[in-house]
Asker: 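Below are the structure tokens for one structure; questions will follow.
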Amino acid sequence: MPGTDQTDKAAEGAIPRRLCYYNAGFLRQPRLRRILQLAGHELRLGLPDPEDGVVVWGRSPHAHRGEAVAARHQVPLVRVEDAFLRSLRPGRMGDPPMGLLIDGLGLHFDSARPSALERILLRHPFDNSNLMSRARDGIARLQALDLSKYNIHQTDAPLPRPGYVLVVDQTRGDASILHAGASAQTFAEMLVLAQEENPGARIVIKTHPETVLGLRPGHYGAAHLSERISLCVDPVSPWALLQGAVAVYTVSSQLGFEAILAGHRPRVFGQPFYAGWGLTEDRAPIARRGRNLSRAQLFAGAMIEAPTWYDPCRDRLCSFEEAVDQLEAETRAWREDRAGHVATGMRAWKRGRLQAVFGRTRPLIFDENQVRARERAAKTGRGVLVWAGKETATLAAPGVARRVEDGFLRSRGLGAALVPPLSLVTDDLGIYYDPTRESRLERLIQSPLPPGGRARAERLLTRILSAGVTKYNLAGAPLPDLGKGRRVLVVGQVEDDASIRLGAGAIATNLGLLRAAREANPDAQLIFKPHPDVEAGLRSGIVAEAEVAALGAIVARHAAPLALIEATDAVWTMTSLLGFEALLRGKPVTCLGAPFYAGWGLTRDLGPVPERRRRAADGHPLPRPDLLHLVHAALIAYPRYFDPVSRRPCPPEVAVERLAAMDTPKGGLGLRLLAKLQGQFASHARLWRRGG
């Protein structure tokens with residue numbers, strides 16, 4: 001009989017390569033089409049051939065068109081829905097999904113028939129230790145990062161006093177309610193039972209985010225309030241809300257799934273995908289499930305095995321962990337920038353990149369008068385961003401402003417050559433190169449690593465080393481003859497740089513550094529590496545060749561930094577980032593100043609390292625971070641990264657790939673002209689103020 005083979009395939013959940021669609025959403029949403037394409041499917045309009053299938057969006061109002069065509073032509077029907085870690089904002093606000101559930105059997109929220117997710121939860125052995133470790137780390141990481149299906153909740157939003165019974169509302173008429181065997185009446189019954197089963201307890205009703213945003217109505221409102229019952233309409237963290245609850249009541253909300261992950265055993269009044277596995281109290285049990293799963297097993301099936309995840313920066317399918325990396329970057333940017341900023345002390349040529357990084361939610365306001373910038377920020381509820389080297393006493397106190405600087409994986413080319421950065425740091429306490437005051441980076445170094453942090457830092461470090469990535473990624477000239485014996489690399493710096501002025505200690509010149517290195521290493525071959533900005537004639541710090549020769553040192557002009565590190569046995573520096581890059585590559589590093597990586601037991605410190613890096617306020621020694629801890633703090637937790645290809649926030653792993661592939665922007669003529677004009681304007685302004 002024609003179509004019998006395809007009917008059998010449909011029963012097994014096989015998904016054809018070519019899929020016909022009749023929902024306009026597949027035409028309007030490029031992300032949706034792209035994920036399906038990368039998953040191996042070709043979308044087309046028209047009637048299906050015998051080897052084709054039909055794709056519909058979940059149980060949307062228009063899904064019936066595709067359902068009818070699939071039934072008439074006896075071809076497989078494929079349903080697509082958002083994965084459970086969706087996006088920053090709800091889809092109705094325009095954000096595309098991070099991943100999809102592509103299901104040739106049924107639909108995860110339709111309990112009338114099995115779905116692909118249900119089949120995984122029923123049949124998967126879940127006996128792979130690596131998968132279970134990934135699941136446990138995934139649960140802990142989502143909680144630590146405060147990530148949920150939608151992520152425009154505010155981490156500082158006021159929470160109800162702990163000890164309440166949490167009742168979860170959903171949007172009225174949502175398909176996930178009807179097809180979970182529930183109705184509006186179920187919500188009324190759930191609220192009554194929550195009160196009866198918890199006599200005297202406070203009831204907090206959590207309003208759905210789309211209801212708070214005015215996108216769709218919910219089931220509860222002011223008419224349900226009483227002395228015992230309150231509505232939570234603030235954009236609170238789901239994880240924080242669950243932490244304060246003593247019991248959770250839900251119909252089919254994803255918050256019920258997260259309640260399980262948070263350690264609750266929720267009372268479930270519908271038949272969502274997470275019911276029936278021994279982790280919930282089910283009002284309407286599903287007989288065909290009945291398998292007992294652990295939290296980690298449920299998570300592994302729902303978040304790792306079932307979804308198809310997408311990386312929007314690298315435009316490819318990805319793992320669950322990579323999807324979390326990306327959503328973390330986008331959510332962090334929104335949380336830090338949602339109120340907007342007034343930016344001051346920013347050179348004109350930098351403003352385009354600063355706007356792209358910090359002005360995605362609300363465009364930056366630039367004001368070079370720092371007093372006025374602070375006043376404007378206070379009046380408009382914005383924060384203040386100031387370039388770290390430009391702040392005055394007006395903004396110097398901790399918490400008044402965020403200081404901005406280039407990150408440690410910056411670009412392929414120098415900032416002095418006007419190459420825009422891929423990474424920027426913001427610091428509300430100080431700034432990493434200033435050891436005279438505490439910085440946010442210092443606190444990160446002293447804080448425990450987050451879940452999965454060590455493994456991620458190890459993977460990132462391995463990638464950096466294999467790709468040969470550094471801060472500026474300059475190619476460099478061939479190395480000169482470095483001679484035989486023990487070689488010590490002496491790293492020159494810009495002598496008027498802020499890191500020298502603030503953290504160099506007694507020795508603050510390149511010549512002084514060379515002399516100290518020679519005195520401590522009388523028999524070694526010294527190799528002096530001038531700073532690229534100094535070699536280019538852009539900054540101060542030249543050491544005369546005669547003085548270098550008198551110390552028996554070799555000058556490695558325009559040499560590639562990595563090649564020098566690899567060719568030498570030890571590194572001496574005042575405060576250069578090249579010392580950090582040498583540490584990453586296992587070289588002994590001696591510091592005559594106090595760079596951010598000194599004072600933690602990883603370097604030989606001869607400079608004025610702050611005592612707070614060694615001892616707590618009560619005098620007790622502090623735990624010593626290892627190299628991976630330093631990598632996580634400096635390269636993952638502290639900076640923010642910008643992908644110049646997709647022009648969106650990205651994790652450090654993407655930035656490393658861009659730098660390794662030379663897929664980064666370069667400074668152009670327009671930026672150089674802009675910088676010169678601003679420099680001339682600043683000079684004239686100084687003369688005018690002096691009366692010249």
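We use all heavy atoms of the structure for the numbers below, so side chains are in, but hydrogens, waters and symmetry mates are not. Residue indices begin at 1 and follow the sequence shown.
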Asker: Run the salt-bridge test on R443 and E438 with the 4.0 Å N-O cut-off and return the result as yes or no.
Answerer: yes

Asker: For a 4.5 angstrom cut-off between non-hydrogen side-chain atoms, does L424 reach D406?
Answerer: yes

Asker: For residues N510 and V543, report the shortest heavy-atom separation together with the two atoms involved.
Answerer: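 It is CB-CG2, 3.5 Å.
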
Asker: Roughly how far, to the nearest 0.5 Å, is the CZ atom of F528 from the CZ atom of R518?
Answerer: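 Answer rounded to 0.5 Å: 13.5 Å.
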
Asker: Check the pair D367 / R376 against salt bridge (charged side-chain N to carboxylate O under 4.0 Å, His left out), numbers first and verdict last.
Answerer: CA-CA 9 Å; D367 192 327; R376 292 179 74 175; 3.1 Å; yes

Asker: According to salt bridge (charged side-chain N to carboxylate O under 4.0 Å, His left out), who are the partners of E330, at least two apart in sequence or on a separate chain?
Answerer: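 Counting only residues at least two positions away or on another chain, E330 forms a salt bridge (charged side-chain N to carboxylate O under 4.0 Å, His left out) with R648.
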
Asker: Could you tell me the separation between the CG atom of L526 and the CG atom of L489, rounded to the nearest 0.5 Å?
Answerer: 9.5 Å

Asker: Can H531 and S576 be said to form a side-chain contact (heavy atoms from CB on, under 4.5 Å), step by step?
Answerer: CA-CA 9 Å; H531 191 279; S576 172; 5.9 Å; no

Asker: I need the L395 CG to Q370 CD distance, nearest 0.5 Å.
Answerer: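 The distance works out to 4.5 Å.
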
Asker: Would you compute the distance between atom CG of L409 and atom CD of E653 and round it to the nearest 0.5 angstrom?
Answerer: 10.5 Å

Asker: Can you label the angle between the F358 ring and the H341 ring as parallel, tilted or perpendicular, going by 30° and 60°?
Answerer: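 F358 and H341: perpendicular rings.
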
Asker: Below 4.0 angstrom, N of the basic side chain to O of the carboxylate: do E322 and R316 qualify?
Answerer: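 A salt bridge is present here (some side-chain N lies under 4.0 Å from a carboxylate O).
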
Asker: Can you tell me how far the CG atom of L142 sits from the CD atom of E328, to the nearest 0.5 Å?
Answerer: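 CD of E328 is found 10.5 Å from CG of L142.
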
Asker: Assess whether side chain to side chain donor-acceptor pair (under 3.5 Å) is satisfied between S646 and D643, documenting all intermediate values.
Answerer: CA-CA 6 Å; S646 65; D643 177 23; 2.6 Å; yes

Asker: Check the pair K529 / E581 against salt bridge (charged side-chain N to carboxylate O under 4.0 Å, His left out), numbers first and verdict last.
Answerer: CA-CA 14 Å; K529 170 70 174 74; E581 293 174 345; over 6 Å; no

Asker: Sequence neighbours left out, what passes salt bridge (charged side-chain N to carboxylate O under 4.0 Å, His left out) with R615? Give chain and number order.
Answerer: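 Per chain and number, R615 pairs via salt bridge (charged side-chain N to carboxylate O under 4.0 Å, His left out) with E611.
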
Asker: Do the charged groups of D137 and R454 touch, with an N to O distance under 4.0 Å?
Answerer: no

Asker: Please find out if less than 6.0 Å separates the ring center of F596 from that of Y638.
Answerer: no

Asker: Tell me whether R353 forms a cation-pi arrangement with F642, defined as NZ or CZ under 6.0 Å from the six-membered ring centre and within 45 degrees of its axis.
Answerer: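 Relative to the ring axis of F642, which defines the angle, R353 lies outside at least one limit.
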
Asker: Between atom OG1 of T575 and atom CD of Q493, what is the distance when rounded to the nearest 0.5 Å?
Answerer: 3.5 Å

Asker: Under a 4.0 Å N-O cut-off, is there an ion pair linking E405 with K390?
Answerer: no

Asker: Walk me through whether R382 and E375 qualify under salt bridge (charged side-chain N to carboxylate O under 4.0 Å, His left out).
Answerer: CA-CA 10 Å; R382 291 171 174 258; E375 291 172 349; over 6 Å; no

Asker: So that I can tick it off, tell me whether D496 and R501 are bridged by a salt bridge, with the cut-off set at under 4.0 angstrom between side-chain N and carboxylate O.
Answerer: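 Here R501 does not pair with D496 in a salt bridge, since their nearest N and O are not under 4.0 Å apart.
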
Asker: Before accepting this row, confirm whether a basic side-chain N of the pair R640/D427 lies closer than 4.0 Å to the acidic partner's carboxylate O.
Answerer: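 The answer is no: the pair does not qualify as a salt bridge.
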
Asker: For a 4.5 angstrom cut-off between non-hydrogen side-chain atoms, does T426 reach R403?
Answerer: no

Asker: Decide, yes or no, whether a salt bridge links R614 with E442 under the criterion of side-chain N to carboxylate O below 4.0 Å.
Answerer: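 Result for this pair is no, no salt bridge flagged.
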
